[in-house]
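Would you mind keeping the following structure in view while I ask a few things?
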Amino acid sequence: MARKKKAGKKKPRDPNPEDALRELEHRIDQGLPRVSILRGDEAYFRERGVRALSERARADGLEVCRHDPLDPDYSAGRLVDDLSTGALFQASRCVVLHHAERVVVDRASAFSAAVRDAMLAWIGSASPGAIVLSADKLRADHALAKAVKEAEGPIVGCRRLYDTPPPWNPDPRNTELAQWCGARARSLGVKLDSAEAYYVVAATGNDLNAIEDRLKGLVGRGSEAIQDLVTWDSSASVWDVAESLVAGDVRKAAVGIETLFSGGAVQRDGSRTLDQSGIVAQLSTAVSAKLREAVRGAGELEAGRGVSAAAAAAGVRGPKPAVDAFERRMGARDPGAWKPMLEDFAHLERRSRSSVQVDATDFMQLALRWRGSSGGSGSRSERR
């Protein structure tokens, strides 16, 4: 008899960055950490952590030396000098490196290796001062991350806030992003109820700096409706729009397509692109990837195997939301529907590579042709 495969440990959910930053700020109150890392794709939170650490460093009399490889005046040599020599005017230095992943990753240049080695040497020494690393990505097994952990320095996760509600509580007012907006509004003295906070984030997108600017513009707000004060300027994620499109949720897909082509496509770093050809290319890539996953998974379902086998065949692994989205997608249609959809989409892809312009209208037509159970015609089980 085959033994059941032992289930692996469930990966813990990353803590809310607000909680992580409050913990960092409490630690700073007790004294400046000698070395700190702020990592994650939300620059707003990374910058907040850097500001708190830099302010404490200045209050302690340290010379704050800022380095950023995106700055045209950046010099790896000067960075190594700041790590290796004494401060000019203050007792010691606080060296801050922004976008550290562009400097200290293992595959980087010899200059990067020199920076990394200088940092490791400094961490291992008894030199006074502090180092602050701000990185979009820095793996836990990176030499610097391991050295900071061994030195008991804080490693603060600064991920982007979730802008979709959890399955067990689908009210959009309960997303992390909407909750953050409401809390930030209160701290600025702006009165917003939960529905108004959700409107602000829906109209602005997942951009904390832009949301904060909107909230600052609402200080002293009178009795005006929030819709009259906050214009709709949101961008959309091509992957979210593609998911609605292939799953057959025509209403959600239509809103997403309109938002995408009018407000722009949000990028991983929170920026947005308004270039129409770029949006078509990104959305096409996302739709094609999801359709190909579905075609691979459909074979398992047609063979009588379950959705877990379909997900494995499609190569869908990783975060639970991605697996859940795949399962919902596969439940939206009969297995035999996916291959004709992929063939249908291939015609649009060929047009986009020719001189024929492809735009929002073409994707809207796909949404109508691919209207499925989530578009209002009932689930598969209900239709049987």
Would you kindly confirm whether Y74 and L70 end up in one hydrophobic cluster when ILVMFWY residues are joined by side chain heavy atoms under 4.5 Å apart?
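No, separate clusters.
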Can you tell me how far NE2 of H347 sits from CZ of R350, rounded to the nearest 0.5 angstrom?
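NE2 of H347 is found 5.0 Å from CZ of R350.
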Is the shortest side-chain heavy-atom distance between D171 and P165 below 4.5 Å?
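SC-SC contact between D171 and P165 ruled out.
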Count the heavy atoms belonging to other residues, nucleotides or ligands that lie under 6.0 Å from CD of E23, then report whether that count exceeds 12.
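Result for CD/E23: open.
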Can you confirm whether more than 12 heavy atoms, excluding those of E258, are under 6.0 Å from its CD atom?
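Atom CD in E258 is not packed in, count stays at 12 or less.
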From E47, R46, R48, residue fulfilling side-chain contact (heavy atoms from CB on, under 4.5 Å) relative to C158
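Output: one option passes, namely R46.
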Do R186 and V190 have side-chain heavy atoms sitting under 4.5 Å apart?
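With C-beta onward as the side chain, the pair stays apart.
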Could you go through the side chain to side chain contact (heavy atoms under 4.5 Å, CB included) check for K339 and E343 one step at a time?
CA-CA 6 Å; K339 191 173 181 180; E343 293 169 350; 3.8 Å; yes
Kindly compute the distance separating CG (L245) from CZ (R371), expressed to the nearest 0.5 Å.
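So the CG of L245 and the CZ of R371 are separated by 12.5 Å.
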Is there a side chain to side chain contact (heavy atoms under 4.5 Å, CB included) between D73 and S75? Walk through the geometry before answering.
CA-CA 6 Å; D73 295 327; S75 165; over 6 Å; no
Within 6.0 angstrom of Y198 OH, more than 12 heavy atoms from elsewhere:
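Atom OH in Y198 is not packed in, count stays at 12 or less.
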Is R93 positioned over the aromatic face of W122, cation under 6.0 angstrom from the ring centre and no more than 45 degrees off axis?
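The answer is no; the distance or angle limit is not met.
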Determine whether more than 12 heavy atoms belonging to other residues, nucleotides or ligands lie under 6.0 Å from atom CZ of R139.
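Atom CZ in R139 is not packed in, count stays at 12 or less.
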Q282 and I279: side chain to side chain contact (heavy atoms under 4.5 Å, CB included), yes or no, with the steps?
CA-CA 5 Å; Q282 290 181 27; I279 292 171; 5.9 Å; no
Does the side chain of D136 come under 3.5 Å of the side chain of H99 through a donor N or O and an acceptor N or O?
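No, H99 and D136 have no side-chain donor paired with an acceptor closer than 3.5 Å.
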For residues V250 and L368, determine if any side-chain heavy atom of one lies less than 4.5 Å from a side-chain heavy atom of the other.
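Side chain of V250 against side chain of L368, heavy atoms only: contact under 4.5 Å found.
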Shared hydrophobic cluster for L229 and V200 (ILVMFWY, side-chain gaps under 4.5 Å):
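Yes, one cluster joins them.
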Inter- and intrachain pairs under salt bridge (charged side-chain N to carboxylate O under 4.0 Å, His left out), touching residues 300-314, at least two apart:
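Applying salt bridge (charged side-chain N to carboxylate O under 4.0 Å, His left out) to every pair that reaches into residues 300-314, excluding sequence neighbours, yields E300-R305.
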Atom CD of Q30: over 12 foreign heavy atoms under 6.0 Å:
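Yes.
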Examine the side chains of R58 and S54 and answer whether a donor and an acceptor come within less than 3.5 Å of each other.
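No donor-acceptor contact under 3.5 Å links the two side chains.
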Verify, without hydrogens or angle tests, whether R39 (side chain) and I155 (backbone) share a donor-acceptor contact under 3.5 angstrom.
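No, because the side chain of R39 does not come within donor-acceptor range (under 3.5 Å) of the backbone of I155.
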Taking R251 first and then D249, would you say they form a salt bridge - that is, a charged N and a carboxylate O separated by under 4.0 Å?
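Looking at R251 and D249, the cut-off is not met.
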When rounded to the nearest 0.5 angstrom, what is the spacing between CG in D19 and CG in L24?
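Here the interatomic distance stands at 12.5 Å.
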Electrostatic pair K146:D141 at N-O distance under 4.0 angstrom:
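Here K146 does not pair with D141 in a salt bridge, since their nearest N and O are not under 4.0 Å apart.
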Going by the side-chain contact (heavy atoms from CB on, under 4.5 Å) test, name the single residue among V80, V35, L133 that passes it with M119.
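Of the listed residues V80, V35, L133, the side-chain contact (heavy atoms from CB on, under 4.5 Å) partner of M119 is L133.
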Could you check whether the rings of F363 and F345 sit parallel, tilted or perpendicular, using 30° and 60° as the cut-offs?
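Aromatic pair F363/F345 classed tilted.
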If you define the side chain from C-beta out and look only at heavy atoms, does anything of D81 sit under 4.5 Å from L83?
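A side-chain contact under 4.5 Å is absent here.
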What I'd like to find out is whether the side chain of L21 reaches to under 4.5 Å of the side chain of L38, using heavy atoms alone.
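They are in side-chain contact.
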Working for side chain to side chain contact (heavy atoms under 4.5 Å, CB included), residues R66 and H98:
CA-CA 8 Å; R66 178 186 179 277; H98 296 268; 3.4 Å; yes
For E150, does the CD atom have more than 12 heavy-atom neighbours from other residues, nucleotides or ligands under 6.0 Å away?
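No, because the 6.0 Å sphere around CD of E150 holds 12 heavy atoms or fewer from other groups.
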Are side-chain heavy atoms of V280 and D359 found at a separation under 4.5 Å?
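No. Closest side-chain heavy atoms not under 4.5 Å.
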From T204 atom OG1 to L177 atom CG, the distance as rounded to the nearest 0.5 Å:
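Reported to 0.5 Å precision, the distance equals 9.0 Å.
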Distance, nearest 0.5 Å, that separates CG of L260 from CG of L283:
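Going from the CG atom of L260 to the CG atom of L283 covers 6.0 Å.
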Applying a strict under-4.5 Å side-chain criterion to I, L, V, M, F, W and Y, I'd like to know whether L188 and V230 cluster together.
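Same hydrophobic cluster.
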Answer yes if W239 and L274 sit in the same cluster of Ile, Leu, Val, Met, Phe, Trp and Tyr residues linked by side chain heavy atoms under 4.5 Å apart, and no otherwise.
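No, because W239 and L274 fall into different hydrophobic clusters, even though each may have its own neighbours under 4.5 Å.
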Any chance you could measure C65, atom SG, to I131, atom CD1, to the nearest 0.5 Å?
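Output value for this atom pair is 11.0 Å.
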Got a salt bridge between K252 and E243, using NZ or NE/NH1/NH2 to carboxylate O under 4.0 Å?
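Looking at E243 together with K252, the answer is no, because their closest N to O distance does not fall below 4.0 Å.
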Would you say the side chain of V287 lies within less than 4.5 Å of the side chain of W370, judging by non-hydrogen atoms?
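They are in contact (side-chain heavy atoms under 4.5 Å apart), so the answer is yes.
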Check R56 against L32 and note the closest heavy-atom contact, atom names and distance.
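Nearest heavy atoms, R56 then L32: CG-CB, 3.9 Å.
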With sequence neighbours excluded, give me every salt bridge (charged side-chain N to carboxylate O under 4.0 Å, His left out) pair touching residues 188-202.
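Every salt bridge (charged side-chain N to carboxylate O under 4.0 Å, His left out) pair that includes a residue of residues 188-202, provided the two are not neighbours, is E196-R221.
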Please find the pair of heavy atoms, one from E349 and one from S284, that lie closest to each other, and give the distance.
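Here E349 and S284 meet closest at OE2-O, 4.3 Å.
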Could you work out, with ring pair (Phe, Tyr, Trp, His ring centres under 6.0 Å) as the rule, every residue matching Y44, not counting sequence neighbours?
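Checked Y44 against ring pair (Phe, Tyr, Trp, His ring centres under 6.0 Å); matches are W180.
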Does Q357 have more than 12 heavy atoms from other residues, nucleotides or ligands lying within 6.0 Å of its CD?
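Atom CD in Q357 is not crowded, with 12 or fewer foreign heavy atoms closer than 6.0 Å.
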Do P154 and R27 have side chains that approach each other closer than 4.5 Å (heavy atoms only, starting at C-beta)?
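A side-chain contact exists here, since the closest heavy-atom pair is under 4.5 Å.
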